[in-house]
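Here is the structure we will look at, set down as structure tokens.
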Amino acid sequence: AQKVTQAQTEISVVEKEDVTLDCVYETRDTTYYLFWYKQPPSGELVFLIRRNSFDEQNEISGRYSWNFQKSTSSFNFTITASQVVDSAVYFCALKRNNAGNMLTFGGGTRLMVKP
Amino acid sequence: DAGVTQSPTHLIKTRGQQVTLRCSPISGHKSVSWYQQVLGQGPQFIFQYYEKEERGRGNFPDRFSARQFPNYSSELNVNALLLGDSALYLCASSRQGSPTNEKLFFGSGTQLSVL
């Protein structure tokens, strides 16, 4: 069975602080995909990043960066110099190979960035 | 191009009633998936349809059913509503049935309240 755990249910930071959202996953598959989505108050899930299990290179996109460590089954997400617009719920998700659109989501982390 | 559109945005039903939720995918997308998101939790996969055929089903009772039309739009039906069915129902679309190398695009959801 697959499982995604986001232990931090809520994080509050002041603008310009750096913040890291943790994600730990469980799977017996050797090929799988990891995702991060952002859910603003409007409700839709906005895709941020996808990583396959064979690509452990860290990735940076502007103020966003991701640290994938297979040895610890973690896929953490860091926002540098946070902004109020970053306030949202962030979800980490896992997908098996050839599993279509079936994603297993974690419980989410609500990030509040205060001015 | 319009994104994934869902209707209605909000719905209130009473226990035992039936409900139909609708989803129009992004133009050119042939796959539609449905997710249920209970307040405070991550989305849970319900169904995936591709080219009008069911491609995946999550762990939901038979009260939940769906179909996809020739224009690739989709309906999710829930019979004999229970209080626990109260949730945000998200629809997602992708070009193909197994979007390993592409993004999954989500709508803003239908908020269903069962009284």
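Order of the sequence lines sets the chain letters (A, B, ...), proteins ahead of strands, with each chain counted from 1. Keep in mind that this is a model prediction, so the values were computed, not measured.
- Looking at B/Phe47, neither its backbone nor its side chain comes within 4.5 Å of chain A, counting heavy atoms on both sides.
- Evaluation of the disulfide bond (SG atoms under 2.5 Å apart) test over residues 56-115 of chain A, restricted to residues two or more places apart or in two chains, returns A/Cys23-A/Cys92.
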(request) Run the numbers on B/Phe45 and A/Thr104 for side-chain contact (heavy atoms from CB on, under 4.5 Å), then give the verdict. (result) CA-CA 7 Å; B/Phe45 174 79; A/Thr104 299; over 6 Å; no
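- Separating the SG atom in B/Cys91 from the CD atom in A/Glu44 is a distance of 13.0 Å, to the nearest 0.5 Å.
- Counting heavy atoms from C-beta outward, A/Tyr37 and B/Leu104 have side chains that approach closer than 4.5 Å.
- The part of A/Gln39 that comes within reach of chain B is its side chain, from C-beta onward, which places non-hydrogen atoms under 4.5 angstrom from that chain.
- Annotation: maximal heavy-atom pairing with chain A below 4.5 Å, among B/Ser33, B/Pro43, B/Gly40, occurs at B/Pro43.
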Under 3.5 Å, which donor-acceptor pairs do the side chains of residues 12-22 of chain B form with other protein atoms, sequence neighbours left out?
residue : atom : partner : partner atom : Å
B/Thr14 : OG1  : B/Gln17 : OE1          : 3.3
B/Gln17 : OE1  : B/Thr14 : N            : 2.9
B/Gln18 : NE2  : B/Thr20 : OG1          : 2.9
B/Gln18 : NE2  : B/Asn77 : OD1          : 3.4
B/Thr20 : OG1  : B/Asn77 : OD1          : 2.5
B/Arg22 : NE   : B/Glu75 : OE2          : 3.3

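- A search for ring-ring contact (aromatic ring centres under 6.0 Å, His included) contacts involving B/Phe60 returns B/Phe64, not counting sequence neighbours.
- Between the CG atom of A/Asn101 and the CZ atom of B/Arg55 there is a distance of 10.5 Å, given to the nearest 0.5 Å.
- Looking at B/Gln6, neither its backbone nor its side chain comes within 4.5 Å of chain A, counting heavy atoms on both sides.
- For residues 105-115 of chain A, the interface with chain B (any heavy-atom pair closer than 4.5 Å) comprises A/Phe105, A/Gly106, A/Gly107, sorted by residue number.
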(message) Let's go through B/Tyr35 and A/Leu103 carefully: what are the C-alpha distance in whole Å and the side-chain angles of both, what is the deciding distance for side-chain contact (heavy atoms from CB on, under 4.5 Å) to 0.1 Å, and is it a yes or a no?
(response) CA-CA 9 Å; B/Tyr35 282 79; A/Leu103 273 66; 3.5 Å; yes
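- For B/Ser108 against A/Ser42, the heavy-atom pair with the smallest separation is CB-O, 3.7 Å.
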(request) Check the pair B/Gln41, A/Phe91 against side-chain contact (heavy atoms from CB on, under 4.5 Å), reporting the backbone distance first and the verdict last. (result) CA-CA 10 Å; B/Gln41 298 181 18; A/Phe91 290 97; over 6 Å; no
